[in-house]
There are 2 protein chains.
Amino acid sequence: MKRKIASSKLRSAAFTRTRADHSAELAHDYCELIAELIDEKGEARGTDIALRLGVSNATVAKTMKRFSDQGLVEQEPYRAIFLTADGWKLAEDGRRKHAIVEQFLLALGISSKVAQVDAEGIEHHVSDETLKAMARFLARN
Amino acid sequence: MKRKIASSKLRSAAFTRTRADHSAELAHDYCELIAELIDEKGEARGTDIALRLGVSNATVAKTMKRFSDQGLVEQEPYRAIFLTADGWKLAEDGRRKHAIVEQFLLALGISSKVAQVDAEGIEHHVSDETLKAMARFLARN
DNA sequence: CAGAAAGTTTAGCTAGTGCTAAACTTTTGC
DNA sequence: GCAAAAGTTTAGCACTAGCTAAACTTTCTG
């Protein structure tokens, strides 16, 4: 019965991680997008974020307030949004993972549209070990 | 500018899908586990589900009521939980995807523990195209 | 430079997913 | 066959993440 108990613990751990991941995922997505907008235009405005994320302005405002409390972004009232050091860390981490996963999927023969969408979903759920294996695979192909 | 607009739409679509996926993910996880418990013990009791999912009994009860309204599970008061045809469909779909992703990760050289956990996270985010590519890769290796 | 347009914030709503504590039912063990 | 243990349900709370509508501020334009 040892195996079953172990696998049950593993499942519960994975599930717990899944739940915790959902909010982290959102933070990653927002920070990645804000970083992109800053690179493109020098600043990230609420409307642009809302438009690209497919979400209302109000939702962005509320989320930005939460993230500001968590120290991920900085913002003056009625002004654009910027990332803190922590925010940049999340953004860079996300970009790195995203790039590896997307390249990996392309190398596997996935079409570029699907690779982009799947990479977005997968990037938040790959461990470092898996990421390294993907990078290794890419290096060999 | 066409490329940028297209890529922005794609991002928004991916993000929208991510959000919609979160509740579907939960349904998949519950149904998969219920299926497992039924296979193992002939029935799925609330306590067992709660224990394996690392969640309180009350949460399971509430979720089961919701799923019952959605036609995924069937339950008499104070009795065990069973899957409807739709519930079984979700469970089987999840198991199939999980198996392919896990095998794929193992083939990539990931350790079995990590493969199990990562597969749990990834299985909900792979398109059919990617799943097929993984199966193809497995067949060739 | 005043009024319109664009953008932001706030208020108030919904739904999902989690919790604890208390009430209730079923099962078990003496 | 009754009392204790085990399991289930309900009530009530919190937080996240979304929405619309309305109020407010900033920017643009004639």
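Sequence lines set the chain letters: A, B, ... in the order given, protein chains first and strands last, and positions in each chain run from 1. Treat the numbers as computed from the prediction; the structure is a model and nothing was measured.
- Computed from coordinates, the B:E25 CD to C:dG16 C1' distance equals 14 Å when rounded to whole Å.
- Ranked by how close their nearest DNA chain D nucleotide is to the 5' end, B:K62 and B:R45 are led by B:R45.
- B:S56 comes within 4.0 angstrom of a base, heavy atoms only.
- Nearest nucleotide to the B:Y78 side chain, out of D:dT8, C:dT10, D:dT25: D:dT8.
- B:E123 pairs by the side-chain hydrogen bond (donor to acceptor under 3.5 Å, both in side chains) definition with B:H98, not counting sequence neighbours.
- For B:R79, the side-chain atoms get nearest to C:dT27 when compared with the rest of C:dT10, D:dG7, C:dT27.
- Aromatic ring orientation, A:H22 versus B:H22: parallel (interplanar angle below 30°, classes split at 30° and 60°).
- Among C:dG16, C:dT9, D:dT26, the nucleotide with an atom closest to any side-chain atom of A:N57 is C:dT9.
- The CE atom of A:M64 sits 17 Å away from the P atom of C:dG7 (whole-angstrom rounding).
- If A:Y30 and A:P77 are placed on DNA chain D by their nearest nucleotide, the residue sitting closer to the 5' end is A:Y30.
- Taking A:Q103 as the reference, nothing meets the side-chain hydrogen bond (donor to acceptor under 3.5 Å, both in side chains) condition, with sequence neighbours excluded.
- For D:dT8, one of the phosphate oxygens OP1 or OP2 lies less than 4.0 angstrom from a side-chain nitrogen or oxygen of B:T47.
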Please list, for nucleotides 2-4 of chain C, all pairs of protein and nucleotide N/O atoms separated by less than 3.5 Å.
none

Quick one: side chains of residues 134-141 of chain B, donor-acceptor pairs under 3.5 Å with protein atoms, not counting sequence neighbours, listed by atom name and distance.
residue, atom, partner, partner atom, Å
B:N141, ND2, B:F137, O, 2.7

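- Side-chain atoms of A:A58 lie closest to C:dA11 of the nucleotides C:dG7, C:dA11, C:dT26.
- Qualifying side-chain hydrogen bond (donor to acceptor under 3.5 Å, both in side chains) partners for A:S56, counting only residues two or more places apart in sequence or in other chains: A:T59.
- When the P atom of C:dA15 is taken as reference, atom CG of B:L26 falls 17 Å away, rounded to whole Å.
- When rounded to the nearest whole Å, the span between CG of A:L51 and P of C:dG7 equals 10 Å.
- Look at CD on B:E43: it is 11 Å from P on D:dG7, rounded to the nearest Å.
- Among the heavy atoms of the strands lying under 4.0 Å from A:T59 is at least one base atom, whether or not backbone atoms are also near.
- The CG atom of B:D93 lies 8.5 Å from the CD atom of B:E32; values are rounded to the nearest 0.5 Å.
- Distance CD (A:E76) to C1' (D:dT26): 15 Å, rounded to an integer number of Å.
- Looking at heavy-atom distances under 4.0 Å, A:K65 makes contact with sugar-phosphate atoms alone, never a base.
- Legend: residues meeting ring pair (Phe, Tyr, Trp, His ring centres under 6.0 Å) with B:H28, ordered by chain and number and at least two apart, are B:H124.
- Whole-Å rounding puts the A:H22 NE2 to D:dC15 P distance at 20 Å.
- In this structure, B:L37 atom CG and D:dG7 atom P are separated by 13 Å, rounded to whole Å.
- Taken from CG in B:L131 to CD1 in B:I100, the straight-line distance is 4.0 Å, to the nearest 0.5 Å.
- If you check every strand for non-hydrogen atoms under 4.0 Å, B:Q75 touches sugar and phosphate atoms only.
- Nucleic acid contact for A:V55: sugar-phosphate only, since backbone atoms but no base atoms lie under 4.0 Å from a heavy atom of the residue.
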